[in-house]
Amino acid sequence: MIDDFNLELIVQPLQDWFAGHARVLPWREDPRPYYVWISEIMLQQTRVEAVKGYFERFITELPDVKALAECREDKLLKLWEGLGYYNRVRNLNAAAIQIMEAYDGRIPDDYQELLKLKGIGHYTAGAIASIAYGKPVPAVDGNVLRVISRVTCDDSDIMKQSVRNHMEEKLAEVMQAEHTTVIPGVFNQALMELGATVCVPNGMPHCMECPWQNLCEAKKRGCIESLPVKKKAKSRRIEEMTVLVIRDDEKVAIHKRSASGLLAGLYELPNLPGYMDTEAVLSYIRELGYAPIRITPLADAKHIFSHVEWRMKGYVVSIEEPGNELSAEDARYYKEQRKKKKLVFVDAEDAKERYAIPAAFAAYAGYMNIRLGKEAFDKKEETGA
DNA sequence: AAATCGGGGTG
DNA sequence: CACCCAGATTT
């Protein structure tokens, strides 16, 4: 139990260990508030390795709060493309505007003020206040929940908000004690570093490398593998859909998703609910007023989100613009249809440079001559772009 | 309190 | 395949 454990004991071994084992990370080289903020938002539910490249590109492109506040949404989404949880970057933009208007462009150093900013919750407010400003407030993330529940051998369900609040309180007491040796930014980062590199979530923790190996209650009692306790997540629902690569000689059709919901505001390949056969696809294409020349079925694909699984059937449809055999009335009707479906024809270069397209369509990206997801980012790293 | 919101690494 | 990750917001 966390209440039966003297948390003062963990401070010095942890901070000493961190001094020799902190990873070198881009946002640690210059922990100015703006860099801490951006990195913490990117790191939400996202691994350090995935964030590194995005962080460097983001701060180069948008070096300060003002630049972030003035950036347009399409560019923000493009900078975030592949990172996921796209509301994070919209919230960054909204918060930057808040900071410009209410805080004269300066990121607040107070925990309660930070909490008022869009996209900043308990964890991130604590991280910014402690790492960038040295304030003694906790930053409890998944690593900290795991590490503390193990060292104190606490079997409370860490999915419950009440358990998280209680852990924050206990850590706040330690950090704000009278003659504490806690260095807030070091202490919080060290807890997370220990969780990420030693007291790991997958597989066996590396207890022989742990600065707490002689005081860890879970290790003493041999219950490390049963901690932390987490209620199981609900299983995913499955959605079947048909994805279309509609193209002529030079361009391919894309579609802007709705402003709310899954992948809000991103561009996608046109798709239809359910599995459709060749004939159904061809009649859909004709409804749009295009003349299909050839249709080729593609390999089935699957994409897994946290709470949904897409099972996709794909087709490449080559089309040509209808000639002047169309009556003026028909031409008008078709134009209306396309507008209603919000299809945009772009060439591959534009799709790659300007439009944020989620990794869910990576399996079919090759047919539009672009790359998506991790492949896209690795490719950019190679070419130094 | 439960659902929503991405994508990739790992055993 | 399941689980998890430097979580926040909405319902």
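Residue numbers start from 1 in every chain, and the chains themselves are labelled A, B, ... in the order their sequence lines are given, proteins ahead of strands. Any value given below was found using the heavy atoms of this structure, including those in side chains, with hydrogens, waters and symmetry copies removed.
- Residue-to-nucleotide contacts include no donor-acceptor pair under 3.5 Å from the side chain of A:Arg88 to the base of B:dC5.
- Considering only side-chain N and O atoms, A:His307 lies nowhere under 4.0 angstrom from the phosphate OP1 or OP2 of B:dT4.
- Within the nucleic acid shown, A:Leu25 comes within 4.0 Å of at least one base atom, counting heavy atoms only.
- Candidate nucleotides B:dT4, B:dG7, B:dG8 were compared by shortest atom distance to the side chain of A:Leu263, and B:dG7 ranks first.
- The nucleotide whose nearest atom lies closest to any side-chain atom of A:Lys231 is, among C:dG7, B:dA2, C:dA6, B:dA2.
- Between C:dC5 and A:Gln45, no contact under 4.0 Å exists linking OP1 or OP2 to a side-chain N or O.
- Contact annotation: A:Arg146 side-chain N/O to C:dC5 OP1/OP2 distance is under 4.0 Å.
- In this structure, A:Lys160 reaches neither bases nor backbone, as no heavy-atom distance under 4.0 Å exists between it and the strands shown.
- B:dG6 sits 16 Å from C:dC3 when the C1' atoms are compared, rounded to a whole Å.
- Residue contacts shown for A:Gly195 are absent, as no nucleic acid heavy atom lies under 4.0 Å away.
- Put simply, CG on A:Asn93 is 17 Å from C1' on C:dT9, counting in whole angstrom units.
- Residue A:Lys230 places its side chain closer to C:dC4 than to any other of C:dG7, C:dA6, C:dC4.
- Residue contacts shown for A:Ala359 are limited to sugar-phosphate atoms, with no base heavy atom under 4.0 Å away.
- Between the P atom of C:dG7 and the CD1 atom of A:Ile158 lies a distance of 11 Å, rounded to the nearest Å.
- Contacts of A:Arg164 with the nucleic acid, taken as non-hydrogen atoms under 4.0 Å apart, are absent.
- Using a 4.0 Å heavy-atom cutoff across all strands shown, A:Ile120 reaches sugar-phosphate atoms only and no base atom.
- Contact annotation: A:Asn143 side-chain N/O to C:dA6 OP1/OP2 distance is under 4.0 Å.
- Applying the 3.5 Å distance criterion, the base of C:dG7 shares no donor-acceptor pair with the side chain of A:Thr124.
- Comparing B:dG8, C:dA2, B:dC5 against the side chain of A:Lys374 picks out B:dG8 as the nearest.
- Among the protein residues, A:Val48 comes within range of the nucleic acid bases, having at least one heavy atom under 4.0 Å from a base atom.
- At a threshold of 4.5 Å between side-chain heavy atoms, the hydrophobic network of Ile, Leu, Val, Met, Phe, Trp and Tyr places A:Leu25 and A:Phe18 in two separate groups.
- Taking every heavy atom of both residues into account, A:Tyr86 and A:Trp80 meet most closely at CE2-O, 3.5 Å.
- To the nearest angstrom, C1' of B:dG7 lies 9 Å from OH of A:Tyr85.
- Here A:Phe305 lies in heavy-atom contact (under 4.0 Å) with sugar-phosphate atoms only.
- Using a 4.0 Å heavy-atom criterion, one finds that A:Ser39 contacts no nucleic acid atom at all.
- Separating the CZ atom of A:Phe361 from the P atom of B:dG8 is a distance of 14 Å, rounded to the nearest angstrom.
- Aromatic ring centres of A:Phe305 and A:His303: separated by under 6.0 Å.
- At whole-Å resolution of the value, CD in A:Gln44 and C1' in B:dG8 are 17 Å apart.
- Contact annotation: A:Thr46 does not reach the phosphate of B:dG7 (side-chain N/O to OP1 or OP2, under 4.0 Å).
- Of the residues near DNA chain B, A:Lys234 and A:Leu266, the one whose nearest nucleotide (by heavy atom distance) lies more toward the 5' end is A:Lys234.
- Contact annotation: A:Lys302 side-chain N/O to C:dC1 OP1/OP2 distance is under 4.0 Å.
- A close approach under 4.0 Å does occur between a side-chain nitrogen or oxygen of A:His303 and OP1 or OP2 of B:dG7.
- The residue among A:Ile357 and A:Gly203 whose nearest nucleotide of DNA chain B is located toward the 5' end is A:Ile357.
- Separating the NZ atom of A:Lys232 from the C1' atom of B:dA1 is a distance of 20 Å, rounded to the nearest angstrom.
- Look at A:Arg72 and A:Asp74 and you find no salt bridge, because none of the NZ, NE, NH1 or NH2 atoms lies under 4.0 Å from a carboxylate O.
- Taking both residues in full, the closest heavy atoms of A:Tyr315 and A:Thr278 are given as OH-N, 3.7 Å, listed atom of the first, atom of the second, then distance.
- Ring geometry, A:Tyr364 versus A:Tyr367: the interplanar angle falls from 30° to 60°, so the pair is classed tilted.
- Residue contacts for A:Asn202: at a heavy-atom cut-off of 4.0 Å it reaches a base atom on one of the strands shown.
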Does A:His122 form a side-chain hydrogen bond (donor to acceptor under 3.5 Å, both in side chains) with A:Asn165? I'd like the steps, not just the answer.
CA-CA 9 Å; A:His122 289 113; A:Asn165 292 342; 5.1 Å; no
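- As rounded to whole Å, 18 Å separates atom C1' of C:dT9 from atom OH of A:Tyr86.
- The side chain of A:Asn91 approaches C:dT9 more closely than any other nucleotide in the set C:dT9, C:dC4, C:dA6.
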